[in-house]
Amino acid sequence: DGGITQSPKYLFRKEGQNVTLSCEQNLNHDAMYWYRQDPGQGLRLIYYSQIVNDFQKGDIAEGYSVSREKKESFPLTVTSAQKNPTAFYLCASSASGGPNTQYFGPGTRLTVL
Amino acid sequence: AQSVTQLDSHVSVSEGTPVLLRCNYSSSYSPSLFWYVQHPNKGLQLLLKYTSAATLVKGINGFEAEFKKSETSFHLTKPSAHMSDAAEYFCVVSDDRYSSASKIIFGSGTRLSIRP
């Protein structure tokens, strides 16, 4: 099956810990994205990457970091510098940046204890 | 500058009655417009997409949307609601001038409830 996978589905973190969320796609898409979703709100862009070994900050990049060493993988690290990390995190990919359709993974719910 | 406004945060309809979810947009150029659906604790799924072809766009699960440039609207409709349609719906605008994800704007979402 082609698609986007995210793991884990649920993640619990103690304050002060860094955690890494996984995102993998086998759609051969060039562009990948990370969004944050809070209750009752739309999606806010954290980071995006239009090509391997390159990525740009989105609207709320502070306290997050990413890497894009492989086309199919775009992991997101939530660092201790992120003041309010509890949220639902969604990864997406598209054939290229811009108006092409984005395909979303199932999401990871992160809770800080 | 681009923007997208979903006019209702919550819509409730009875099963079998029509659904209307409203979306207005602002874009300086020819936009691409999307509707996505999100079921609880799931990712987003594309319902339909407008990219300057036919103004009436048909999507999955019986949904359709009409692009009205004069009204800057892209409302989502379905003739007859089903219980499985209960979900959150997002309207999305993307400015065709750009190839950057930062120019993809999500609405705040409309929660659709279906009464038996």
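In what follows, every chain begins at residue 1, and chains take the letters A, B, ... in the order their sequences are listed. Note that these values count all heavy atoms, side chains included, but never hydrogens, waters or copies made by symmetry.
- Judged by the 6.0 Å and 45° rule, B:K78 forms a cation-pi pair with B:F63.
- The contact between A:L90 and chain B is made entirely by side chain atoms (from C-beta outward), counting heavy-atom distances below 4.5 Å.
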Quick one, A:L27 with A:I4, criterion side chain to side chain contact (heavy atoms under 4.5 Å, CB included). Give me CA distance, side-chain angles, the key distance, then yes/no. CA-CA 8 Å; A:L27 300 169; A:I4 303 177; 4.0 Å; yes
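- For B:Q45, no part lies under 4.5 angstrom from a heavy atom of chain A.
- The interface of residues 106-116 of chain B with chain A, defined by heavy-atom distances below 4.5 Å, comprises B:F106, B:G107, B:S108.
- With rounding to the nearest 0.5 angstrom, the CD atom of A:Q25 is 7.5 Å from the NZ atom of A:K71.
- Aromatic pair B:Y36/A:F104: ring centres closer than 6.0 Å.
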When you look at B:Y25 and B:F67, which way does the ring pair (Phe, Tyr, Trp, His ring centres under 6.0 Å) test go after all the steps? CA-CA 10 Å; B:Y25 71 92; B:F67 174 71; 5.7 Å; yes
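- Only the side chain of B:L46 comes within contact range of chain A, with at least one heavy atom under 4.5 Å from a heavy atom of that chain.
- Shown here are the side-chain hydrogen bond (donor to acceptor under 3.5 Å, both in side chains) partners of A:D54, two or more places apart in sequence or in another chain: A:Q56.
- Considering every non-hydrogen atom in both B:S32 and B:T51, the closest pair reads OG-CG2, 3.6 Å.
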